[in-house]
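Worth knowing before you read on, the calculation uses all heavy atoms, side chains too, and leaves out hydrogens, waters and symmetry mates.
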Amino acid sequence: MLKTLLTDMSGRRAGHSLQHTKRTDRIMEQPKAVQIFFGKGGSTRRDTLSISDAARRFSKEGIAALVDSSVNASGEQLSYYLNHYNDMNAILDAINFSENVSCGYDPNFKEYGVICFDYNGSRQMIPNYAVPRINPGSLPQIRAVNNSLVLNNKGYYSWTASNGSRYAWTVNNGMIGRAPSESLLAENTDKDGKNYKWEMCKAGNILSALAQGKSLYGFKKKDVLSACESVGITEGAFSIDAGNGRHNYILQKSGKVINVDRQMEQLNG
């Protein structure tokens with residue numbers, strides 16, 4: 001689904017392989033760990049040019065680390081990752097558009113955590129270090145045209161925060177917000193220490209509610225105005241279509257939003 005540039009992983013990963021040498025040496029001694037990584041036919045078929053030699057050596061250690069008793073991963077849980085080892089787009093789509101996506105890790109051992117998701121009835125795991133990072137600058141911006149916001153379902157976009165920075169967002173059946181593959185592993189503060197996680201969360205929740213025709217009850221009018229302005233929606237009639245049908249509204253100067261579709265239903269009822 002994603003046809004865009006992915007940031008290089010080697011610089012972020014290579015420097016960590018020595019940090020956990022003792023831990024990974026211990027883990028790599030486990031026969032089960034070695035068996036899960038190499039499997040039948042060896043590992044040469046999973047070579048990829050997008051990861052440096054140093055990062056590849058770390059990857060072997062990282063996969064082995066997944067079968068440590070504290071994680072207790074099985075070969076089946078790693079099957080999607082190993083089957084799509086060279087397809088970064090497939091890995092991103094699985095994380096960003098699957099059900100029940102979650103992530104947990106000790107910040108001091110971030111590379112040994114995993115992102116989990118449900119896929120075809122099974123629980124799958126992708127090692128944190130192996131998740132491709134998206135370059136937001138290569139994505140189309142979320143932007144309304146003539147107060148009409150039309151977004152492709154299962155699409156990737158960039159959203160601009162108040163500090164001018166762009167972040168990778170996804171659209172999934174009316175749900176609009178930061179890509180899970182990015183947000184679950186995010187460093188949320190900028191160089192000045194300001195956290196933009198909550199700004200994105202509010203904007204995403206407001207836009208998602210509008211894209212699904214839901215009530216904006218509980219949202220402050222100033223936050224509604226800010227979310228609309230961030231994607232180019234201005235005062236007056238506007239519409240949103242993000243994979244859940246077209247929804248029509250009127251945005252007032254105060255930040256109040258009138259649901260035109262709902263009012264029409266009431267009048268016709």
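A donor-acceptor pair is defined here as one N or O able to donate and one able to accept, closer than 3.5 Å; no such pair exists between the side chain of Ser226 and the backbone of Lys222. In this structure, the side chain of Asn152 does not engage the main chain of Gly155 through any donor-acceptor pair within 3.5 Å. With hydrogens and angles ignored, the 3.5 Å screen pairs a side-chain donor or acceptor of Gln124 with a backbone N or O of Tyr80.
Contact check for Val231 versus Leu207: side-chain heavy atoms found under the 4.5 Å cut-off. Counting only heavy atoms from C-beta outward, the side chains of Leu185 and Ile115 approach each other to under 4.5 Å. Residues Ile240 and Ile233 are in side-chain contact: their nearest non-hydrogen atoms beyond the backbone lie under 4.5 Å apart. In this structure, the side chains of Ile95 and Ile126 come closer than 4.5 Å at one or more pairs of heavy atoms.
Atom CG of Leu225 and atom CD of Gln252 lie 10.5 Å apart (nearest 0.5 Å). Separating the OG1 atom in Thr160 from the CZ atom in Arg166 is a distance of 5.5 Å, to the nearest 0.5 Å. For the atom pair CD (Glu76) and CE (Met125), the distance works out to 11.5 Å, reported to the nearest 0.5 Å. In this structure, Asp261 CG and Asn248 CG are separated by 4.5 Å, a value rounded to the nearest 0.5 Å. We find the CG-NE2 distance between Asn86 and His84 to be 11.0 Å, quoted to the nearest 0.5 Å. Here the CG atom belonging to Leu210 is positioned 5.0 Å from the CZ atom belonging to Phe238, to the nearest 0.5 angstrom.
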Walk me through it: do Ser79 and Gln77 pass the test side chain to side chain donor-acceptor pair (under 3.5 Å)? CA-CA 6 Å; Ser79 61; Gln77 290 171 314; over 6 Å; no
Apply the test side chain to side chain donor-acceptor pair (under 3.5 Å) to residues Thr234 and Asn147: give CA-CA distance (whole Å), side-chain angles for both, the deciding distance (0.1 Å), then the verdict. CA-CA 7 Å; Thr234 58; Asn147 256 17; 3.2 Å; yes
Test side-chain contact (heavy atoms from CB on, under 4.5 Å) on Tyr157 and Gln141; report intermediate values, then the result. CA-CA 5 Å; Tyr157 294 86; Gln141 293 193 58; over 6 Å; no
Walk me through whether Cys103 and Val114 qualify under side-chain contact (heavy atoms from CB on, under 4.5 Å). CA-CA 6 Å; Cys103 178; Val114 292; over 6 Å; no
Is there a side-chain contact (heavy atoms from CB on, under 4.5 Å) between Lys154 and Asp93? Walk through the geometry before answering. CA-CA 8 Å; Lys154 311 296 183 183; Asp93 287 347; over 6 Å; no
For Trp159 and Glu199, run side-chain contact (heavy atoms from CB on, under 4.5 Å): C-alpha distance rounded to whole Å, both residues' side-chain angles, the deciding distance at 0.1 Å, then the answer. CA-CA 11 Å; Trp159 179 84; Glu199 180 184 341; 3.6 Å; yes
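Taking all atoms of both residues into account, the shortest heavy-atom contact from Asn244 to Asp241 is N-OD1, 4.3 Å. The two residues Ala209 and Ser215 make their nearest non-hydrogen contact at CB-O, 4.1 Å. Minimum heavy-atom separation, Trp169 to Arg178: CD1-CA, 3.3 Å. For the residue pair Gly245 and His247, the shortest heavy atom distance occurs at O-CD2, 3.2 Å.
In summary, of the residues considered (Thr170, Asn89, Asn96), a side-chain hydrogen bond (donor to acceptor under 3.5 Å, both in side chains) with Tyr156 occurs for Asn96 alone.
A donor-acceptor contact closer than 3.5 angstrom is absent between the side chains of Ser148 and Asn146. Side-chain atoms of Asn153 and Asn173 form a donor-acceptor pair, as typed in the model, at a separation below 3.5 Å.
Legend: residues meeting side chain to side chain contact (heavy atoms under 4.5 Å, CB included) with Asp223, ordered by chain and number and at least two apart, are Lys202, Ile206, Lys220. For the side chain to side chain contact (heavy atoms under 4.5 Å, CB included) test, residues two or more places apart in sequence or in another chain that qualify with Arg123 are Asn100, Ser102, Cys116, Asp118. With sequence neighbours left out, the side chain to side chain donor-acceptor pair (under 3.5 Å) criterion links Asn205 to no other residue.
Placement of Ile142 and Val150 in two distinct hydrophobic clusters is found when ILVMFWY residues are connected by side-chain heavy-atom separations under 4.5 Å, directly or transitively. In the hydrophobic clustering of this structure, Met175 does not group with Leu92; members are Ile, Leu, Val, Met, Phe, Trp, Tyr whose side-chain heavy atoms approach within less than 4.5 Å, directly or through other members.
Relative ring orientation between Tyr119 and Phe117 is described as perpendicular, the plane-to-plane angle rising above 60° on a 0-90° scale split at 30° and 60°.
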